[in-house]
Amino acid sequence: MNPTYEPKEVEAHWYEYWEKAGIFRPEYRPDGQPFCVVIPPPNVTGSLHMGHALNLTIHDVIVRRKRMQGYAALWVPGSDHAGIATQNVVERELAAEGLTRHDVGREAFIEQVWMWQRRHGGRITEQIRRMGNSCDWTRERFTLDEGLSVAVREVFVRLYEEGLLYRGDRIINWCPRCATALAEIEVEYRDEMGALTYISYPFTEGEGGITVATTRPETMLGDTAVAVHPDDERYAHMVGKTLRLPLVGRIIPIVADEAVDPEFGTGAVKVTPAHDPNDFDIAQRHGLEAIKILDEDAVVTAEGGRFAGLDRFAARTAVSEALHAEGVVVKVEEHPHSVGHCYRCDTIVEPFLSLQWFVSVLELARPAINAVKNGDNSFVPSRWEKNYFHWMENLRDWCVSRQIWWGHRIPAWYCPDGHITVAKVDPDSCATCGSEEISQEEDVLDTWFSSALWPFSTLGWPDETPDLAKFYPNDILITGFDIIFFWVARMMKMGLHFMDAVPFRETIIHGLVRDAAGSKMSKSSGNTIDPVDVADEYGADPLRLALIQAANPGQDVPLDLEWVAGTRRFGNKLWNAVRFVLMQIEPRSVPPSGGYPANPGPADAWILSRLGEVAARFDELADQYRFSDAYGTLYNFAWSEVFDWYLEIAKVSLADPDLAATTRKTLGVVTRDLLKLFHPAIPYLTEELWAEVVGQDLLAGADWPDIPSFVGPAGMGELQELISGIRRFRADQGLSPRQEMPLRVLDPDSLLVGWAHEVLSNLARVDVEPVDAEPAHGHTRVVAGTLQGFIPLEGVIDLDAEVARLEKAIGEAEADLRRVEAKLNNPQFLEKAPGAVVTKERAKQAEIGDLLDTLRNQRGAL
RNA sequence: GGGCGUUUAGCUCAGUUGGGAGAGCGCUUCCCUUACAAGGAAGAGGUCGGGGGAUCGAAACCCUCAACGCCCACCA
């Protein structure tokens, strides 16, 4: 073995062994209970970022542990066609050649996207493998593959037949750059400073008018009314009157509507039904006309009269200037307001009246809300359930049609008479009138429509496959809080509707990966760290361990390369600990499981008992998905107990003929079980070491540790405390750690037996002489419970240092005593505190009192 | 405007039935002891955001204030 841990070498080969051995397939454990999770499908043309790395590491830690625990564990991998995002990429390529997708034509364009996908699509899955993730690649799926397309079509048709999916004119959010409709959730709102323009609309009859306020003066071209609140006394007498729309000349009514907030602006609002959702609603209630004054490129239409042809922003300026010229602008004031941007390209979206396909989500949402309320699904951490409820209870219908080409084409056909035929199989004629002149809907479905089916479509639905029967519902779903609404909520709705069961039992929410300063990682701020680069430089295992050690449910994960360097140092420590063990035992001799010593020596029993406790605690924490705590516990145990103490003690035990055999056995099983416990987090390194220690089978397919209970011997803690105390004395005295010293040991409770004296003399570098009584003057004392060590002061040069050492100890003991006595002198405490607490305080008082006497005597003797 | 979260050592964070403040990194000192200097040993460092309250006892429970962060909302 190399003297140092080289992640790159270690990580070069194991993945293919695991895959070839079929360990990542649930069939590996034919009799195991099923356990299933589906990957949040990444964009097929994307590349791995740190958020993926965190999400995947959590997945893998869970799945690998479940597999080792004997479950038939299945992690379904796959990717998403990411309609708008992918289409944008290919369109940019075309644009470089001066072409648009319309120049190329639909079929050729789609073929070009497929080509792009075949060229780049393998990249992210390659990166997922590189990070060691144990997905079952034989079950890999793609949202646009044949099976999933069948599922999408089935769902579309059934929802349509059930009346839960319809085509209609609604205000949708339109991205003029992507040239498609968006769902509400696909719009990102940001506060921006705008101008609130107050415009006076004159009455058609008589003097005066009514003043309205708007941040978008250009939309006045499409106004068809002004609305006031019905209870607003200022305007009560005006309701029913008419106004002449400036610049346009259209006669528009004043209507009364509850939706108007009398407090805002002037309390009178201009109504532009075709370009504002509220206005659209008002118009519906009052039978107002909706006039589209912007087209799909956000350019003013012919309805805009002399402003026709102007871009929406140019139109804003032009209309504003014209209004000023006409003298109808009362005032303009600065006004912060929130502006919607396209989540794919950041262009300002345009609310737009448009004929689109919608899913009626409220009916689907009800069971999805109930499922969480009654515990069929729970969120971890549970506080996210509140957000989920609030979201689900306030849904607007989901616009699912997109005016792009890359995606599932909507299975609806129109005949010249306007009949709609929706069918699972492409029809030859109109289902209503039989006309053969039918044409298919041009639009495709929202990418999230297919993602919503992922937990069952990937398992073969609508066919009743064995996988579907075995692995639906999935057990868990792991994702960031940022896509709860995009994805989790929709999977819940679709899963319950079509499978009549929740798609997964638990929804595990993790945080965002942030940089070392706690800032969000983003391309624009240039603080992103590429996980593949990190894996190349530090290793995938160290990165995984660094991520998982910070990943408690719902918590953001700050990442500093310095911490990855730290986990790599841990890897090196583990590597060398194993190297040491292999110098003591026969390589490849430890059994894959069992093999615990029947009669362990005292130190063996101690470390085995601790191993059992730590493994139990680890399991408890891991079952709650508290991986930061779980691996923190394990990490500290491995380093500070096994490596720093047990291995050092073992060096002594190995020299003892009575203890050597059991020590070797213990070294072997403790090492092996540590490898098992660490394996889900650092699979490559542990597998490599397993090959040296166990040498048969693969760790990835091994059983989870089942550690029998051991009882640690009395005196272990005192022994360690005594050793530390002697080391502290030496450091305080400025003595060399190498300098041998005599040590008289008083051990009235016989805590230390022969082996322990050897340990003491080796680890503390002292010549041990057991004594039956406290030696005469001229010693300093190190106390560890009832165990006392006496170091002759002869030869200790620095008397002042020893005085200082003692006085510090006396000071600390006095402070402790004061605190304890303050409690015990409080009658209220004695009366009201539980008996056990009082007893504990009394014992403490006695113990500190003894210590203090000892220290004071010693101080006096100097 | 609503809702949620955070505030503990220089940094990042634990502290889950209220009973002697912890870890990792960083820092200081000593040590290249044949597994490991990517190491070992020892140590310094905190009025647990402020204020108030119930309690014998609060980092933890209640109230309040403050700062920071996130989500939602039809801010014309």
Considering just the side-chain nitrogens and oxygens of [X], establish if one lies under 4.0 Å of OP1 or OP2 belonging to [N].
| X | N | value |
| --- | --- | --- |
| A:Trp639 | B:G40 | yes |
| A:Arg569 | B:G39 | yes |
| A:Ser724 | B:A42 | yes |

For the side chain of [X], counting heavy atoms from C-beta on, which of [options] is nearest?
| X | options | answer |
| --- | --- | --- |
| A:Arg383 | B:G5, B:C75, B:U33 | B:G5 |
| A:Phe264 | B:G19, B:C75, B:G5 | B:C75 |
| A:Thr214 | B:A35, B:A76, B:G26 | B:A76 |
| A:Arg728 | B:C72, B:A42, B:A76 | B:A42 |
| A:Val269 | B:C56, B:G5, B:A76 | B:A76 |
| A:Phe485 | B:G5, B:C71, B:C56 | B:C71 |
| A:Pro558 | B:G19, B:C13, B:A41 | B:C13 |
| A:Asn636 | B:A76, B:A14, B:A23 | B:A23 |
| A:Lys808 | B:A76, B:C25, B:G43 | B:G43 |
| A:Glu562 | B:C25, B:A35, B:G19 | B:C25 |

Looking for any heavy atom pair under 4.0 Å, which part of the strands does [X] touch: base, sugar-phosphate only, or nothing?
| X | result |
| --- | --- |
| A:Lys844 | base |
| A:Asn826 | sugar-phosphate |
| A:Asp191 | base |
| A:Phe570 | nothing |
| A:Pro827 | nothing |
| A:Ile848 | base |
| A:Ser736 | nothing |
| A:Arg730 | nothing |
| A:Asp261 | base |
| A:Lys651 | base |
| A:Ala268 | base |
| A:Thr215 | sugar-phosphate |
| A:Trp645 | nothing |
| A:Val581 | nothing |

Between A:Asn576 and A:Thr4, is there a donor-acceptor pair closer than 3.5 Å when you use the side chain of the first and the backbone of the second?
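Not confirmed, A:Asn576 side chain does not pair with A:Thr4 backbone.
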Closer than 3.5 angstrom, by distance alone: can the side chain of A:Arg544 be matched with the main-chain N or O of A:Ala681 as a donor-acceptor pair?
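Answer holds: yes.
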Distance between [atom1] atoms of [N] and [M] (Å, rounded):
| N | M | atom1 | result |
| --- | --- | --- | --- |
| B:G43 | B:G22 | P | 13 Å |
| B:G46 | B:A59 | C1' | 11 Å |
| B:G39 | B:A67 | P | 43 Å |
| B:G20 | B:G2 | P | 41 Å |
| B:C13 | B:A73 | P | 28 Å |
| B:A9 | B:G24 | P | 16 Å |
| B:A66 | B:G49 | C1' | 8 Å |
| B:C63 | B:U17 | C1' | 23 Å |

Length of the line joining [X]:[atom1] and [N]:[atom2], which is rounded to integer Å:
| X | N | atom1 | atom2 | answer |
| --- | --- | --- | --- | --- |
| A:Gln555 | B:U6 | CD | P | 8 Å |
| A:Asp556 | B:U7 | CG | P | 12 Å |
| A:Phe352 | B:C74 | CZ | P | 20 Å |
| A:Trp563 | B:G24 | CH2 | P | 15 Å |
| A:Asn394 | B:C72 | CG | C1' | 9 Å |
| A:Leu722 | B:A42 | CG | C1' | 16 Å |
| A:Lys832 | B:U55 | NZ | C1' | 8 Å |
| A:Leu621 | B:G15 | CG | P | 10 Å |

[N] pairs with, by Watson-Crick or G-U criteria that keep both distances under 3.5 Å:
| N | value |
| --- | --- |
| B:C61 | B:G53 |
| B:A67 | B:U6 |
| B:G22 | B:C13 |
| B:G1 | B:C72 |

For atom [atom1] of [X], is the number of surrounding heavy atoms from other residues, nucleotides or ligands below 6.0 Å larger than 12?
| X | atom1 | result |
| --- | --- | --- |
| A:Glu334 | CD | no |
| A:Glu847 | CD | no |
| A:Lys844 | NZ | yes |

Using 4.0 Å as the upper bound for N to carboxylate O, is an ion pair formed by A:Asp257 and A:Arg285?
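Counted as a salt bridge, because a side-chain N and a carboxylate O are separated by less than 4.0 Å.
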Any salt bridge linking A:Arg216 with A:Glu350? Criterion: basic side-chain nitrogen under 4.0 Å from a carboxylate oxygen.
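A salt bridge links A:Arg216 with A:Glu350.
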State whether the distance check finds a donor on one side and an acceptor on the other, under 3.5 Å, for side chain A:Lys386 versus base B:C4.
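No, no donor-acceptor pair under 3.5 Å.
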Distance-only donor-acceptor test, A:Glu648 side-chain atoms vs B:A41 base atoms, 3.5 Å:
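No such pair is found, so the answer is no.
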From A:Thr211, A:Val271, A:Leu243, residue fulfilling side chain to side chain contact (heavy atoms under 4.5 Å, CB included) relative to A:Val226
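One option only clears the test, and that one is A:Leu243.
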A:Asp732 or A:Tyr5: which one's nearest nucleotide on RNA chain B is closer to the 5' end?
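The answer here is A:Tyr5.
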Find which nucleotide of RNA chain B each of A:Glu812 and A:Glu6 is nearest to by heavy atoms, and output the residue with the more 5' nucleotide.
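Mapping each residue to its closest nucleotide by heavy atoms, the 5'-most match is A:Glu6.
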Exercise: do A:Gln555 and A:Ser628 side chains pair donor with acceptor under 3.5 Å:
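No, no side-chain donor-acceptor contact under 3.5 Å.
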Indicate, with yes or no, if the rings of A:Phe352 and A:Trp174 have centres closer together than 6.0 Å.
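Here the rings of A:Trp174 and A:Phe352 have centres that are less than 6.0 Å from each other.
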